[in-house]
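Order of listing sets the numbers, starting from 1, for every ligand and every atom in it. Please read all numbers here as calculations on a predicted model, not as lab measurements.
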Amino acid sequence: MSEPVTYINDQGVALITIANPPVNALSQRVRAGLLAAVQQFGADDSAQVAVILGEGRLFIGGADISEFGKPPQAPSLPDVINAIESCDKPVVAAVHGAALGGGFEVALGAHYRIAGADARFGLPEVKLGLLPGAGGTQRLPRLVGVEQALTMITSGTPISAAQALEHAVVEQVFDDSNMRQQGLDFARKLQQQGAPVRRTGELPRPAGDAALLQEWRTRLERSARGEVAALVALDAVSAATRLDLVEGLAEERRLFLSLMDTPQRAGLIHAFFAERQVAKLPELAGLESMKIEHIGVVGGGTMGAGIATSALLSGLQVTLVERDQEAADKARNTITGYLAAAIKRGKLNEVQRETILNDRLATVPDYNALADADLIIEAVFESMEVKQSVFKTLDSVAKPGAILATNTSYLDINEIASITARPESVIGLHFFSPAHVMKLLEVVVAERTAPERVASAFILAKRLGKTAVRAGVCDGFIGNRLLSHYRTAADHMLLDGASPYQIDKALKAYGFAMGPYAVADLAGLDIGYATRQRKAADAHPRDRYPAWADELFHLGRLGQKTGKGYYLYPEGSRQGVEDPEVEALVAKARQQAGINPRTFTDEEIVSRYMAAMINEGARVLEEGIAQRPLDIDVVLLYGYGFPRWRGGPMHTADQRGLKAVLADIQRFAEEDDHFWQAAPLLEKLVEQDSNFASLNHP
Ligand code: COA
């Protein structure tokens, strides 16, 4: 194995280069190499200035995340950075691409920083449940002040090279980001000037008054939703305002180690690796993706227009087909509106919008316009008859090899595929609404879908900036199937005595973005009604029916869009107000079912909701609908408001212990052994004293 850090003396300038692909993470070997190189520089009397460089696409992507949670190995990063800062000859960090986390801390330990125009600087540790633990919380506030340091450290969002220059984080920014050359030139200038060392850690303690820090604390507490890292990072920055560097670094280390031990850190790091793992499917290894440049969309409703917008924003050509010119024009208007919103969000400029509308978008009432499309996706009414008729037409107009995709959220894609003469080209692409905003995409693989088409769908998803998860065919695929089950568990609690508002509050307190009844109001209560109608034929005599939900529907209380659902939304407000009338409707349903209501603790609400979610997750796994537990975790994190810091339902189950989850289900089954039947896979894992994680990397 070649050395990850090299030292070259180029006529008095020591070039210390880190090469640890793909992101130059600061693994133990890199830390050891960097320390040795710094010591060599110290001892090298013929070198007057050192330049630290990263090889490849970026400077340093941070500490090596895969080492977290394992026993620490010397040298520690703080020791390496202290050694850099202590050098008595100038050290320059020459940054291109990105200096993130420990990478930025290395740069802060250097005496001078320069950057290529493409560089970003950030401390994203809070996104992994940590805080910068190698001096970042002590040196950055000394360099840029408490306010700017807190902005960067508590959000984890990087700044650009231009912003870094503005905040005097860097000395100079170069358009040409060949940092080896820029670094050498800059170092020679320092050499000529006999420039001194300039230690960030020796800058005066930053001023931070108590009122300012308290204001930050209040703000962070409000937005944290149970996540602790940003608040602890605030403690570390506060320490910088009170303590000298050595004491401050010790306090930072103590706080860092306390976070390292939390389940939140484990959950966030699980999420980090899971979202990268979802696209890595053994069945796709080595497969070529076909080229996708021109997308066809059938149907210009909210979903079709959203999908078209997503494709347009990613630089693709789009042809959208509607049934007549009027509907086609309406779809164009909807897309124009979405593009205007994208301009407001800074995702697009006016010139780009004009190019899109004039050159890259066609909205027509003619299926023949799809003849050139590489992939056609339909987003028409959810009915097998309608979808099959669309697919019959697509089969006759699409070019050979084109992918034919359906955006259905529950129909049997095998049945849709069977109407065509090319079932190998048919696939499900289940977008979430609004499709141009939501990141999740379920790639639904039907029985006869060819693996090359699946590979192409994953490449397309990446181009669209979506996180794609492979799912198999069943009612609801991964996400909606779990949703239907945990929502039923919530409905049972309602029937037995809980209020919808208590349930929503308990789940929000657990960390969900929204509770299930606020979600129902957002999606529209007509959707739930239609689902119940559709599933009525399969109903079991022991199923417990949410009669109040039908009543809300018949009263025209369809949720946010009608100003009333489970909550009231006075004057178009999106913030729901509790409504005693709904409680009365639920009470009536209980009475009719002969139920004597009882109370629920918030803890029991969460246990039942989570047990239902995990149990159905286990079923989805054993049926092969999801291939790995991590696929389920990513679906819930990206599409269903699951708290990221808990890592997803299957990870949460492992953290709690599968034995305890199974015991919950068995206890709930004592009252209702129809709904609460433990998934055989869950029982098997408990028997083997194993966990879901063991199925992530079989
Ligand atoms: N430690 C270990 N592995 C890392 C890593 C890190 N700090 N950062 C990235 N990787 C790995 C990824 O897991 C991925 O591995 P894979 O190819 O086996 O899936 C690979 O490096 C490439 O990362 P990816 O995110 O796909 O590349 P990118 O070019 O889209 O983004 C970064 C590069 C550095 C911006 C991004 O990886 C990132 O944000 N990393 C985390 C940075 C961070 O939080 N650092 C602070 C750590 S305390």
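When all heavy atoms are compared, the tightest approach of C87 to F41 is SG-CD2, 3.9 Å. When all heavy atoms of F121 and M152 are compared, the closest pair comes out as O-CE, 3.5 Å. Summarising the geometry of L637 relative to P643, their closest heavy-atom pair is CD2-O, 3.8 Å, with the distance given to 0.1 Å. Here the shortest heavy-atom pairing between A37 and V5 reads CB-CG1, 4.2 Å.
Residue-ligand proximity, K280 to ligand 1, at heavy-atom distances under 4.0 Å covers atoms 16 (P), 17 (O), 18 (O), 19 (O). Close approach of ligand 1 to R57 (heavy-atom distance below 4.0 Å) involves ligand atoms 22 (C), 27 (O), 28 (P), 29 (O). Each of the following atoms of ligand 1 lies closer than 4.0 Å to a heavy atom of D64: 1 (N), 2 (C). Within ligand 1, counting atoms from 1 as listed, the ones closer than 4.0 Å to a heavy atom of G61 are 7 (N), 42 (C), 43 (C), 45 (N). Residue L128 approaches ligand 1 through these ligand atoms, each under 4.0 Å from one of its heavy atoms: 44 (O), 47 (C). Of all atoms in ligand 1, listed by their number and element, those nearer than 4.0 Å to a heavy atom of P22 are 20 (C), 21 (O), 22 (C).
Side-chain atoms of V444 and L429, non-hydrogen and from C-beta on, never get closer than 4.5 Å to each other. Between D79 and L35, the closest side-chain pair of non-hydrogen atoms is not below 4.5 Å.
With a 4.0 Å cut-off on non-hydrogen atoms, L100 touches ligand 1 through its side chain and not its backbone. In V23, the part holding a heavy atom less than 4.0 Å from any atom of ligand 1 is the side chain. With a 4.0 Å heavy-atom cut-off, ligand 1 is reached by no atom of Q277. Of the heavy atoms in L130, none comes closer than 4.0 Å to ligand 1.
By the definition of a contact as any protein heavy atom under 4.0 Å away, atom 30 (O) of ligand 1 is not in contact. For atom 48 (S) of ligand 1, the nearest protein heavy atom lies closer than 4.0 Å.
Looking at atom 1 (N) of ligand 1, its nearest protein heavy atom turns out to be I65 N, 2.9 Å. In terms of protein heavy atoms, atom 23 (O) of ligand 1 is closest to R276 NE, 4.1 Å.
Residue contacts with ligand 1: A63 is included, with a non-hydrogen atom under 4.0 Å away. At a 4.0 Å cut-off, not a single heavy atom of A98 sits close enough to ligand 1 to count as contact.
Ring geometry for H270 versus H651: interplanar angle under 30°, hence parallel rather than tilted (30 to 60°). Between Y640 and F432, the two ring planes are perpendicular [angle over 60°; tilted spans 30° to 60°].
Open room surrounds CZ on R180; 12 or fewer heavy atoms of other groups in view lie less than 6.0 Å from it.
A salt bridge is defined here as a Lys NZ or Arg NE, NH1 or NH2 lying under 4.0 Å from an Asp or Glu carboxylate O, and R198 with E171 meets this definition.
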Step by step, work out the side chain to side chain donor-acceptor pair (under 3.5 Å) result for H167 and Q163.
-> CA-CA 6 Å; H167 290 286; Q163 288 167 312; over 6 Å; no
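The distance criterion of under 3.5 Å between nitrogen or oxygen atoms is not met by S66 with respect to ligand 1. Taking any N or O of G62, backbone or side chain, none lies under 3.5 Å from an N or O belonging to ligand 1.
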